[in-house]
Protein chains: 2
Amino acid sequence: MKKLRTRFKLWLSSKDAEGVFGDGKWRLLKNIDTEGSLKAASHSLRISYRKAWGDLKKAQQCLNVPLVEKQRGGIQGGRTALTEQGKKWVNAYTRFRSDIEKAVDKAYEKHIKELVK
Amino acid sequence: MKKLRTRFKLWLSSKDAEGVFGDGKWRLLKNIDTEGSLKAASHSLRISYRKAWGDLKKAQQCLNVPLVEKQRGGIQGGRTALTEQGKKWVNAYTRFRSDIEKAVDKAYEKHIKELVK
DNA sequence: TACCGATATGTCGAGTGGTGCATAACCAAA
DNA sequence: TTTGGTTATGCACCACTCGACATATCGGTA
């Protein structure tokens with residue numbers, strides 16, 4: 001039997017939209033925070049700017065919360081930064097996801113591991 | 001703010017295959033157990049027989065474990081039933097998944113809920 | 001032995017989500 | 001006022017997945 005590892009995807013959905021917020025958008029926001037722009041964030045995540053931009057738009061529309069503050073023009077061409085609410089979401093989701101990750105590892109040890117050896 | 005619900009997908013992967021075992025294959029095995037055939041199971045899950053058959057093959061190949069015992073011919077044309085090992089996998093994964101589900105709900109209450117109101 | 005219904009497996013087309021490209025709009029600084 | 005780099009947005013294309021078909025095989029039972 002090959003060695004196995006657990007995988008999971010986590011997200012939030014509303015009644016009318018499925019991917020409101022989840023791992024992808026969480027990573028995107030985190031990278032926007034460290035990189036300072038949407039373009040740089042998408043690049044460091046190796047996803048297209050087109051997708052990153054669409055994801056961000058969707059998250060903000062669905063949550064109806066301003067997660068980032070964007071600026072066009074200027075010496076660097078523009079920038080994107082997290083708002084206070086954006087930071088709160090990142091932090092909350094980080095803790096949320098971390099709890100799940102631990103639970104997955106624990107549950108694997110408890111229920112699956114014995115089957116795999 | 002709209003009401004949100006948590007969503008997650010869970011699966012196991014090996015070094016050379018991604019979807020070794022997960023929610024979909026777990027549901028398939030459960031239905032095979034109750035329905036008695038791969039055809040009936042795929043029908044009750046509303047997935048094509050083609051997909052169910054492929055999924056099952058993949059799971060058995062990747063895990064290298066005989067999860068089901070199949071029979072062709074006979075008065076009913078054939079049948080598929082879980083082996084002892086298949087049942088063990090179903091039961092273990094059921095508990096595994098249940099633990100995660102609880103953890104997700106709990107973590108949502110703890111970390112996310114306050115952001116959404 | 002003919003039949004029936006399930007397993008077994010390849011193939012092609014539709015739908016989906018993402019990438020790449022093209023093109024505006026924007027604006028601080030030179 | 002020109003420039004440069006970023007945000008903003010539509011669109012065509014591409015890869016991947018899944019479903020729908022089309023067959024072939026199998027083997028108790030009538």
Side-chain angles (χ1 to χ4, degrees), chain A residues 7 9-13 16-29 31-62 66-83 86, chain B residues 7 9 11 13 16-29 31-62 66-83 86:
Chain A
R7 296 282 210 187
K9 268 193 70 169
L10 202 52
W11 70 99
L12 304 171
S13 63
D16 37 50
E18 184 57 20
V20 168
F21 197 90
D23 290 0
K25 296 180 178 66
W26 166 66
R27 275 191 293 270
L28 180 58
L29 288 186
N31 274 266
I32 287 173
D33 198 34
T34 56
E35 300 286 337
S37 82
L38 184 52
K39 183 183 173 72
S42 66
H43 182 72
S44 80
L45 285 174
R46 280 155 210 184
I47 60 177
S48 63
Y49 174 86
R50 189 66 185 77
K51 172 168 169 55
W53 176 83
D55 284 355
L56 187 52
K57 185 179 182 184
K58 183 175 179 186
Q60 294 198 122
Q61 279 183 349
C62 293
L67 298 167
V68 300
E69 185 197 2
K70 301 176 189 180
Q71 222 172 66
R72 289 201 289 192
I75 178 63
Q76 271 115 11
R79 60 175 204 85
T80 299
L82 296 191
T83 61
Chain B
R7 297 281 208 186
K9 266 193 70 169
W11 70 99
S13 63
D16 37 50
E18 184 55 21
V20 167
F21 196 90
D23 289 2
K25 296 181 178 65
W26 166 66
R27 274 192 292 270
L28 180 59
L29 288 186
N31 274 267
I32 286 173
D33 198 34
T34 56
E35 300 288 337
S37 82
L38 185 51
K39 182 183 173 73
S42 65
H43 182 72
S44 80
L45 285 174
R46 280 153 211 187
I47 60 177
S48 65
Y49 175 85
R50 189 64 183 79
K51 173 168 167 55
W53 176 83
D55 284 356
L56 187 53
K57 185 179 182 185
K58 183 176 179 186
Q60 295 197 122
Q61 278 184 350
C62 293
L67 297 168
V68 300
E69 185 196 3
K70 301 174 188 181
Q71 221 171 67
R72 289 201 291 192
I75 176 65
Q76 271 115 9
R79 60 175 204 87
T80 300
L82 296 191
T83 61

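All values reported here derive from a predicted model rather than from experimental measurement. A note on names: the letters A, B, ... follow the listed sequences, proteins ahead of strands, and every chain is numbered from 1.
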Residue B:E18 excluded, over 12 heavy atoms near CD under 6.0 Å
yes

Here's a test of your reading of the structure: between A:G74 and A:Q71, which maps to the more 5' nucleotide of DNA chain D?
A:G74

I need the [X] [atom1] to [Y] [atom2] distance, nearest 0.5 Å.
{"X": "A:D33", "Y": "A:T80", "atom1": "CG", "atom2": "OG1", "result": "11.5 Å"}
{"X": "B:K39", "Y": "B:Q76", "atom1": "NZ", "atom2": "CD", "result": "13.5 Å"}
{"X": "B:W53", "Y": "B:I47", "atom1": "CH2", "atom2": "CD1", "result": "13.5 Å"}
{"X": "B:L29", "Y": "B:T34", "atom1": "CG", "atom2": "OG1", "result": "11.0 Å"}

Would you indicate what A:G73 reaches in the nucleic acid, counting non-hydrogen atoms under 4.0 angstrom: base, sugar-phosphate, or nothing?
base

Check each of A:K57, A:K58, A:K51 against A:D55 using the salt bridge (charged side-chain N to carboxylate O under 4.0 Å, His left out) test, and report the only one that passes.
A:K51

Contact summary for [X] and [Y], nearest pair of heavy atoms:
{"X": "B:V68", "Y": "B:Q60", "result": "N-OE1, 3.0 Å"}
{"X": "A:T83", "Y": "A:E69", "result": "CG2-N, 3.9 Å"}
{"X": "B:R79", "Y": "B:S37", "result": "CA-CB, 4.5 Å"}
{"X": "A:L38", "Y": "A:A52", "result": "CD1-CB, 4.0 Å"}

What is the distance, rounded to the nearest whole Å, between atom [atom1] of [X] and atom [atom2] of [N]?
{"X": "B:R72", "N": "D:dT29", "atom1": "CZ", "atom2": "P", "answer": "18 Å"}
{"X": "B:K70", "N": "D:dG27", "atom1": "NZ", "atom2": "P", "answer": "15 Å"}
{"X": "B:R79", "N": "D:dT25", "atom1": "CZ", "atom2": "C1'", "answer": "18 Å"}

Near DNA chain D, which residues from residues 37-45 of chain B have a heavy atom under 4.0 Å away?
none

Would you indicate whether the side-chain heavy atoms of A:I32 and A:L67 approach each other to under 4.5 Å?
no

Reading DNA chain C 5' to 3', which nucleotide is the first, and which the last, to come under 4.0 Å of any heavy atom in chain B?
C:dG5 to C:dT11

Specify the residues of residues 49-57 of chain A, ordered by number, for which at least one heavy atom lies under 4.0 angstrom from an atom of DNA chain C.
A:R50, A:K51

